Amino acid sequence: MKISKTYNPKQVEDKIYQLWEKSGFLKASPKSKKQPFCIIMPPPNANGILHIGHAVFVTLEDIMTRYQRMKGKEVLWLPGADHAGIMTQVTYEKKLAKQGKSRLKLGREEFYKQTYKFSMENKKVMETQLRKLGASCDWSRSKFTLDPKISKAVFYTFKKMYKDGLIYRGKRIISWCPRCQTALSNLEVIYQEKKDPLYYIKYGPLTLATVRPETKFGDTAVAVHPADKRYKKYVGKEIEIQTVLGKAEVKVVADKAVDPEFGTGVVKVTPAHDPNDFEIGQRHNLEIRQVIGFDGKLNKKAGKYAGMKVREARKIIAKDLEKMGLMEKIDFNYKHRIAICERCKTIIEPLISEQWFIRAKKLAAPAIKAVEDKKIEFIPTHYKKLYYHWMKNIRDWCISRQIWWGHRIPVWYCECGEITVDIEKPKSCPKCKGKKLKQDPDTLDTWFSSGQWPFTVFGWPRQTKDFQYFYPTSVMETGWDILFFWVARMIMLGIYCTGKAPFRYVYLHGLVRDKDRQKMSKSKGNVIDPLGVITLYGTDALRMALVFGTGSGKDTIISEEKIIGQRKFSNKIWNATRFILMNKPPLINTDKKLIGTDKNLTGADKKILKVLEKTIKSVNKDLENFRFGQAAQTLYHFFWHDFCDKYIEKSKSQMSNVKTKENTQKILYYVLLTSLKLLHPFMPFVTEEIYQKLPLKNKKKCLMIETWPN
RNA sequence: GGGCGGUUAGCUCAGUUGGCUAGAGCGUCGCAUUGACAUUGCGGAGGUCACAGGUUCAAGUCCUGUACCGCCCACCA
């Protein structure tokens with residue numbers, strides 16, 4: 001057998017992956033008598049191709065998966081894809097726009113159909129890419145969040161929560177994205193610092209500061225701090241004010257939310273268009289007067305300003321105020337944080353609208369307890385604090401979105417006013433027996449369905465064999481940036497739906513950054529395309545570079561040099577094997593017991609065996625404690641510097657001595673095989689390829705299912 | 001306003017329950033080498049482990065404080 005001088009991943013990887021997939025060892029069975037180990041893959045969004053962040057999670061999860069499989073557990077790593085509501089809708093709409101088409105022209109049904117097709121195509125591409133990354137997952141169980149069975153489970157949960165009083169419909173102030181035309185949860189809103197003029201406007205005898213004079217038509221009060229002596233005499237009274245639309249009367253209320261230090265200590269209260277004002281309004285029973293519509297334009301309550309967009313109206317109104325002598329002064333250097341849409345960066349318009357909400361506090365309590373009781377543990381542990389903080393201050397969760405792509409809310413309205421919540425469309429109204437039922441036009445927040453992912457993938461609410469055997473799962477591995485979006489929701493919904501915390505450990509990895517610690521982004525031009533890198537240096541090199549010397553849960557620093565360094569390592573393993581195979585016995589038995597006793601061992605023999613033992617111990621300990629970066633470093637150092645540089649060099653003389661030849665050869669094969677096993681979770685392709693070439697007795701079909709060294 | 005993380009070699013980072021002369025990759029300097037591998041080997045230079053105290057036989061590691069950097073959460077108009 002001729003072996004090439006250098007390791008050539010391109011010729012090896014696809015062939016090896018096929019070997020694994022055809023072997024059937026990637027499939028898990030709930031009938032197994034072994035101990036289960038299960039990771040649910042965080043389903044990538046089905047709206048694009050994989051990036052380097054995906055390569056991180058694949059590497060980490062595959063390391064755990066392969067390690068546990070070799071340790072003899074029944075391992076299931078379950079893949080899938082997420083429909084990613086708003087994100088996919090935005091992506092597909094952009095695609096349509098390029099073709100001169102639009103969502104509205106297509107209509108709801110056709111748009112859904114096309115987006116579904118688009119997502120399925122992406123899912124297929126992604127699955128090919130996951131294979132290229134070496135992901136040893138069970139493809140026979142691949143799922144999609146909009147699969148009919150999964151959707152049914154999601155509706156089941158909705159119905160159950162509605163019955164339990166955990167879901168309600170209500171008119172609330174929500175964050176509205178005028179571009180996406182939908183409500184957003186507070187997590188989908190991000191903040192950006194911006195400089196805006198701060199206007200000091202005369203309100204009758206008072207002066208107040210605001211950045212949004214255009215909302216003044218919605219003012220239903222003016223508020224001051226209860227302890228503010230300057231304004232005490234006005235509290236509870238109506239004051240007459242001059243506005244751009246004429247004279248009006250407005251009530252003065254005292255509320256502790258007002259900061260007497262800011263501006264003049266007087267604030268206008270616009271309950272319909274500001275979250276704080278909404279709350280002040282609730283406390284003082286103020287009228288809610290909506291003056292801005294869902295299109296982001298002023299409505300007819302704004303008189304002559306009706307139809308103007310918020311920002312242009314602001315300028316014009318400010319000018320008019322000045323003309324009328326109502327503007328006391330303008331501070332042009334005022335910096336504040338404005339809310340923008342996480343997806344499209346459009347400025348958020350707080351609006352009152354009817355939405356569906358989850359009473360989150362009730363779900364949060366047991367979710368907090370599960371972590372306190374160590375039913376779930378976080379790695380790194382400090383994320384526990386963040387989790388507690390968020391869970392203890394949780395607010396009701398707005399779960400309705402005014403988009404078309406996703407699970408349509410399973411609620412039907414009858415002309416008679418009856419509301420029916422069910423998994424499927426009711427045949428007729430249970431109250432009036434009428435047949436004219438209209439389904440709620442909204443869809444559910446993506447995270448509502450992905451929050452149930454760890455059990456809906458197993459066919460829950462049916463008590464399937466899979467569910468009983470694999471749930472609760474072992475590890476949830478994902479990025480810390482979706483701790484609240486996803487992990488917290490999975491814990492809450494998991495406990496609520498199944499009575500059990502959905503996983504034992506949460507491992508949170510960091511962000512991928514370049515060597516200047518910059519976050520990777522297309523606009524910065526510093527992205528590393530995992531598949532491009534793979535064609536250049538091989539999957540193993542990329543995987544090893546992603547974990548090598550990275551502290552658990554810390555940001556992953558990656559650079560091309562680092563990947564090249566690991567390609568060299570792949571080649572080193574390859575060539576060490578080539579050397580060992582130069583002295584090829586017919587078939588070698590690598591049972592350690594057959595290696596000579598102390599008496600016939602040289603100093604070098606003893607040393608390498610001892611260091612190997614130490615390496616095995618420390619790698620095991622590291623892997624048990626999720627210290628993958630450390631394990632990778634230990635293995636790298638052992639293989640290169642202890643085995644290759646020292647022992648293999650020494651073996652050259654030992655092999656030419658008849659007395660030591662046989663033992664040396666056995667040790668070479670033994671250490672090589674053990675190293676391959678230990679390295680396999682990190683570098684699956686090169687190790688498997690070499691394993692296939694070794695002349696071993698008792699060889700298994702693949703290294704993937706070899707026995708892990710303990 | 002709260003909270004979290006970081007500060008170790010020129011650069012990027014490891015360093016487990018405190019325990020050998022503090023490590024790796026890349027870079028750098030010198031030497032070697034046509035039979036495993038130049039995607040190499042050997043050797044060297046390079047560190048007051050941010051700073052100041054404290055606990056200890058022993059501190060990069062634990063405690064307290066300070067400085068700087070980064071991040072998250074929060075309703076300041």
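A, B, ... follow the sequence lines: proteins, then strands. Residue 1 opens every chain. Note that these values count all heavy atoms, side chains included, but never hydrogens, waters or copies made by symmetry. Source: prediction; values computed, not measured.
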> Nearest to the side chain of A:Asp274, which nucleotide is it out of B:C37, B:U16, B:A77?
B:A77

> Output the rounded distance in Å from CD (A:Gln633) to C1' (B:A14).
4 Å

> Using the six-membered ring wherever Trp is involved, compare the ring planes of A:Trp708 and A:Tyr67 and label them parallel, tilted or perpendicular (cut-offs 30° and 60°).
perpendicular

> Looking only at atom C1', what distance separates B:G44 and B:A9, rounded to whole Å?
14 Å

> Starting the side chain at C-beta, find the nucleotide from B:G25, B:A36, B:U40 nearest to A:Trp640.
B:U40

> To the nearest 0.5 Å, what is the distance between CD (A:Glu372) and NZ (A:Lys384)?
9.0 Å

> Looking at every strand, decide which applies to A:His225 at a 4.0 Å heavy-atom threshold: base, sugar-phosphate, or nothing.
nothing

> Just call it for A:Glu649: base, sugar-phosphate, or nothing, with non-hydrogen atoms closer than 4.0 Å on any strand.
base

> The side chain of A:Phe484 is closest to which nucleotide in this list: B:U16, B:C73, B:C4?
B:C73

> Sub-3.5 Å donor-acceptor pair from the side chain of A:His225 to the main-chain atoms of A:Ala227, do we have one?
yes

> If we call it a pair only when both distances are under 3.5 Å in a Watson-Crick or G-U wobble match, what pairs with B:G30?
B:C42

> Is A:Lys392 near enough to B:A74 that one of its side-chain N or O atoms lies under 4.0 angstrom from OP1 or OP2?
no

> Looking only at atom types and distance, does a side-chain atom of A:Trp486 sit under 3.5 Å from a main-chain N or O of A:Pro42, one as donor and one as acceptor?
no

> Taking B:C4 as the reference, what is the distance to B:C20 when you measure between their C1' atoms (whole Å, please)?
35 Å

> What nucleotide among B:U39, B:C73, B:A36 has an atom nearest to a side-chain atom of A:Lys568?
B:U39

> Centroid separation under 6.0 Å, is that true for the rings of A:Phe217 and A:Tyr305?
yes

> Give one of base, sugar-phosphate or nothing for A:Ile648, where a contact means two heavy atoms less than 4.0 Å apart.
base

> Checking base pairs now: Watson-Crick or wobble, both atom distances under 3.5 Å. What partners B:C37?
none

> Using atom NE2 of A:His389 as one end and atom P of B:C73 as the other, report the distance to the nearest whole Å.
11 Å

> Under 4.0 Å, heavy atoms only, any strand: does A:Asp645 hit a base, just the sugar-phosphate, or nothing?
sugar-phosphate

> Would you indicate, yes or no, if B:U16 has its OP1 or OP2 atom less than 4.0 angstrom from a side-chain nitrogen or oxygen of A:Lys621?
no

> Which value, in whole Å, describes the distance between the C1' atoms of nucleotides B:A50 and B:U7?
6 Å

> OP1 or OP2 of B:A36 less than 4.0 angstrom from a side-chain nitrogen or oxygen of A:Lys652, does that happen here?
yes

> Drop me the distance from A:Lys10's NZ to A:Glu13's CD, to the nearest 0.5 angstrom.
10.5 Å

> Categorize A:Tyr383 for me: base, sugar-phosphate, or nothing, with a 4.0 angstrom heavy-atom threshold over every strand shown.
nothing

> In Watson-Crick or G-U wobble terms, both distances under 3.5 Å, what is the partner of B:U55?
none

> Check the distance between B:A74's P and A:Met391's CE and give it to me in whole angstrom.
15 Å

> Measure the spacing between OH of A:Tyr387 and NZ of A:Lys392 and express it to the nearest 0.5 Å.
10.5 Å

> Mind calculating the distance between CD1 (A:Ile573) and C1' (B:A36) to the nearest angstrom?
13 Å

> Considering only the C1' atoms, how many Å lie between B:C29 and B:U61, rounded to the nearest integer?
33 Å

> Any chance you could lay out the salt bridge (charged side-chain N to carboxylate O under 4.0 Å, His left out) test for A:Lys329 and A:Glu322, step after step, and finish with the verdict?
CA-CA 9 Å; A:Lys329 62 170 179 177; A:Glu322 270 184 276; over 6 Å; no

> Which part of the nucleic acid, if any, lies within contact of A:Thr210, taking any heavy atom under 4.0 Å across all strands shown: a base, the sugar-phosphate backbone alone, or nothing?
sugar-phosphate

> Let me know the distance between NZ of A:Lys646 and C1' of B:A36, rounded to the nearest Å.
18 Å

> Is the phosphate of B:A24 approached by A:Lys562 (side-chain N or O, under 4.0 Å from OP1 or OP2)?
no

> Looking at the side chain of A:Asp259, which of B:C76, B:A24, B:A36 is the nearest nucleotide?
B:C76

> Can you tell me the Watson-Crick or wobble partner of B:U12, both distances under 3.5 angstrom?
B:A24

> Identify, between A:Val211 and A:Leu386, the residue whose nearest nucleotide on RNA chain B lies closer to the 5' end.
A:Leu386

> Write down the distance separating the P atoms in B:G18 and B:C13, rounded off to the nearest Å.
26 Å

> Rounded to the nearest angstrom, tell me the gap between atom CH2 in A:Trp480 and atom P in B:G6.
14 Å

> Is a donor-acceptor contact shorter than 3.5 angstrom present between the side chain of A:Lys385 and the base of B:C4?
no

> At under 4.0 Å, does any side-chain N or O of A:Arg337 touch on OP1 or OP2 of B:C75?
no

> Atom CZ of A:Phe569 and atom P of B:C26: how far apart are they, to the nearest Å?
12 Å

> Please report the distance separating the P of B:C68 from the corresponding atom of B:C26, rounded so that it comes out in whole Å.
36 Å

> Touch check for A:Val266, heavy atoms < 4.0 angstrom, all strands: base, sugar-phosphate only, or nothing?
nothing

> For A:Tyr7, which contact category applies under a 4.0 Å heavy-atom criterion: base, sugar-phosphate, or nothing?
nothing

> Would you mind telling me which of B:C75, B:C4, B:A36 lies closest to the side-chain atoms of A:Met582?
B:A36

> Just N and O in the side chain of A:Tyr334: are any of them under 4.0 Å from OP1 or OP2 of B:A77?
yes

> Work out how far the C1' atom of B:C69 is from that of B:C63, and round it to whole angstrom.
24 Å

> Base, sugar-phosphate, or nothing for A:Arg212, non-hydrogen atoms under 4.0 angstrom?
nothing

> Determine the contact category for A:Lys268: base if any of its heavy atoms lies under 4.0 Å from a base atom, sugar-phosphate if only primed atoms, P, OP1 or OP2 are that close, otherwise nothing.
nothing

> Between atom NZ of A:Lys572 and atom NE2 of A:His641, what is the distance when rounded to the nearest 0.5 Å?
9.0 Å

> Counting only Watson-Crick pairs (N1-N3 plus N6-O4 or O6-N4) and G-U wobbles (N1-O2, O6-N3), all under 3.5 Å, who is the partner of B:G60?
none

> If pairing requires Watson-Crick or G-U wobble contacts with both distances under 3.5 Å, which nucleotide is the partner of B:G5?
B:C69

> Would you mind telling me which residue lines up with the more 5' stretch of RNA chain B, A:Thr634 or A:His637, judged by nearest nucleotide?
A:Thr634

> With a 3.5 angstrom cut-off on both distances, give the Watson-Crick or G-U wobble partner of B:C49, or none if there isn't one.
none

> Can you tell me how far C1' in B:U48 sits from the matching atom in B:U17, rounded to whole Å?
28 Å

